[in-house]
Amino acid sequence: MAARILVVDDEPGILSGVCEILTLEGYEVDTADCGRRAQELLSLGSYDVALIDYRLPDVDGLTLLRSIRQRCPEVMTCMITAYANIETAVFATRQGVDVFLPKPFSPDDLLGAVDTLLGYKKLRDEAGELRAAHAASLRELASEKSQTHSLVASLRDGVLAVNREGEIVLANRAMEEMLGAAAGDLLGRQVGPALAGGVLAPAVAALDPQNPAPAVFEAERGEQRLFVTASGFYDDEGALLGRIVTAVDISSVRRMALEKARFTRTLVHELRAPLGALKSIVEVMRDRSLGDDLGSYLSFLDRADERIDGLGELISDLLSLSRIEHEGAPRQPDAPADTPTVVGEVVELWRDRAAARSVGIEVDLAPELPPCTIPADDLRTLLTNLVGNAVKYNRASGSVTVQAVRSGEGLEIAVRDTGIGIEPGNLPRLGEEFFREKRTETRGVEGNGLGLAIVKRLVERAGGRLAVRSSPGEGSEFRVIFPC
Amino acid sequence: MNGLKADTGKHTLLFIDDDPVFLEAQKAFFSARGYTVLTAGGTDAALELLREETPDLILVDLMMEHTDSGFRLARRIRREERFRGTPLVMLSGVASETGIGFAREREALREWSHLDDFLDKPVSAHRLLAVVRERLGGPDEPAGGR
């Protein structure tokens with residue numbers, strides 16, 4: 001785009017001559033014959049260069065010059081004057097004029113002056129752009145730095161950085177807490193003494209500036225278990241800048257591993273116990289301890305049968321637990337379970353075993369039940385366990401009631417018995433895998449302690465809850481409540 | 001009853017275990033060999049029974065009401081003057097169940113609990129018989145058993 005030039009002179013001859021020369025060179029030229037007209041033009045458009053005569057009819061050139069300097073600093077200025085003397089030149093320059101052009105001047109002088117001014121302008125614009133870019137990048141840097149800082153500060157993992165001199169240059173809040181240090185206390189300290197005797201003491205050797213080997217270890221702090229790594233950080237050329245320690249709290253992972261180990265241990269015991277019993281039965285029979293009459297061993301064979309059934313149930317229950325865990329969220333049933341149908345099936349399943357102990361089972365279903373939100377299989381599993389417990393832990397000639405109603409919360413199914421009840425202290429442990437009450441009354445009751453764990457998980461993953469009420473010697477009530 | 005099986009002398013054994021099938025099987029096996037067998041299904045039943053009876057050897061399971069019920073019971077039995085010299089044998093599945101070095105601590109535990117022997121469960125009746133005979137004397141089982 002052509003440069004725009006404003007020429008301000010009260011001599012029409014000069015004005016038209018200058019205008020012609022510049023236009024021929026391809027510049028875009030506007031002219032003004034007085035200061036006021038020049039101000040008007042300057043307020044309407046932007047110019048690259050202003051050529052101003054020193055003597056104007058309304059204002060003097062220097063006043064106009066100052067005004068341009070203030071209002072349009074981007075415009076390069078050139079002072080034209082017939083009173084060319086050194087004093088005027090110096091004075092005009094002090095006022096901020098960029099170039100001084102004495103009259104009379106040749107077309108080459110004029111073009112040379114304009115060329116010089118445009119060159120200055122280009123340089124000035126470029127410098128301005130560079131300055132702006134620099135300022136922007138500084139701003140960006142500052143904001144990045146503060147972002148990184150707050151990011152590191154709010155990490156739940158502990159972070160500590162050490163420079164090449166072994167001084168701590170960064171320790172976030174999590175790290176300060178892990179080391180039991182007050183905020184900001186670690187900064188500037190030598191890492192050796194700062195960590196000595198503490199939970200991260202084993203990291204000190206790895207932080208030795210002479211020893212670039214990364215270290216990974218676990219540390220214990222009270223109940224907390226930390227996973228710590230120490231490694232070097234390097235610049236782009238691979239020179240060691242310092243070392244960084246991160247500590248991750250793995251207590252919950254650790255707890256889960258311990259729970260898993262405890263589960264496995266209990267499971268092994270539960271699997272081994274019936275095997276031991278079966279083995280001792282086989283030994284007695286092979287030994288013919290009770291003589292040669294097979295009839296003498298029938299009660300042993302019945303026991304063996306029970307134990308084999310028990311093992312089969314244990315395996316089914318383990319599969320159920322594993323399935324629930326594996327599936328995570330409840331499956332969306334194709335069609336909601338029909339509560340009365342499932343209740344009927346489960347009661348039929350237990351009817352004979354209940355009758356063998358003279359325990360009666362009653363069913364009491366409200367006529368209009370809200371739909372059950374879990375799959376029929378899940379409801380069947382759940383009720384089989386609850387009704388089974390109510391039968392097994394009942395007294396002879398006791399009773400079991402299965403009741404379903406619409407409650408404020410949704411569908412509520414209650415299984416009540418007139419059995420031995422549960423010790424109040426044990427109520428919170430119900431639903432814990434393999435937990436069984438060890439009381440005189442529970443001896444001889446077959447069970448593996450997984451039933452209620454399954455019930456609890458099935459109910460809870462469907463968004464429902466299990467409520468238990470019990471008094472020892474009188475009976476228990478298990479209610480499952482599913483929200484609609 | 002097969003006379004060949006009977007050991008000399010009428011020794012009384014007490015088995016303490018929370019598994020009724022195990023107790024019944026041991027009762028059948030050892031009774032067939034002429035022992036008088038007493039059984040108790042837990043700590044309370046054992047203490048109750050020991051008020052009246054003075055068995056010649058006691059076998060107690062470690063894990064009953066609690067994971068260490070056997071130890072506590074053994075300590076209580078040992079405290080009584082009457083049972084100072086009675087062989088006490090502990091049965092436990094701990095070592096094989098946990099896989100931890102229970103065996104290494106055996107001596108220390110034996111010292112602490114005054115137990116005479118530890119046997120890992122599951123244990124065969126013939127292995128138990130060997131231990132009983134070692135402690136009480138009696139003929140060795142013919143090789144290969146019956």
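In what follows, chains carry the letters A, B, and so on, assigned in the order in which the sequence lines appear, proteins first and then strands, with residues in each chain numbered from 1. Hydrogens, waters and symmetry mates play no part in the numbers below; they use all other heavy atoms, side chains included.
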Quiz item: Looking only at heavy atoms, what is the nearest atom pair of B/D19 and A/A273, with distance?
Solution: OD2-O, 3.9 Å

Quiz item: Do B/K27 and A/S289 have side chains that get closer than 4.5 Å, going by heavy atoms?
Solution: no

Exercise. Compare every heavy atom of B/V21 with every heavy atom of A/S280, then report the nearest pair and how far apart it is.
Key: OG-O, 4.4 Å

Quiz item: Contact part of A/S299 toward chain B, heavy-atom cut-off under 4.5 Å: side chain, backbone, both or neither?
Solution: side chain

Quiz prompt | pair B/P20-A/R303: side-chain heavy atoms closer than 4.5 Å | solution = yes

Quiz item: Quick one: which residues of residues 446-458 of chain A reach chain B at under 4.5 angstrom, heavy atoms only?
Solution: none

Quiz item: Any chance CZ of B/R76 has more than 12 other-residue heavy atoms, nucleotides or ligands included, within less than 6.0 Å?
Solution: no

Self-check item: A/R436 portion near chain B, given a 4.5 angstrom heavy-atom threshold
Solution: neither

Quiz item: Side chain, backbone, both or neither: which part of B/D44 has a non-hydrogen atom closer than 4.5 Å to chain A?
Solution: neither

Quiz prompt | Best-contacting candidate, A/E283, A/K279, A/E306, A/M285, against chain B by heavy atom pairs under 4.5 angstrom | solution = A/E283

Self-check item: Chi angles and distances behind the side chain to side chain contact (heavy atoms under 4.5 Å, CB included) call for B/H126, A/D287
Solution: CA-CA 10 Å; B/H126 288 282; A/D287 189 63; 4.2 Å; yes

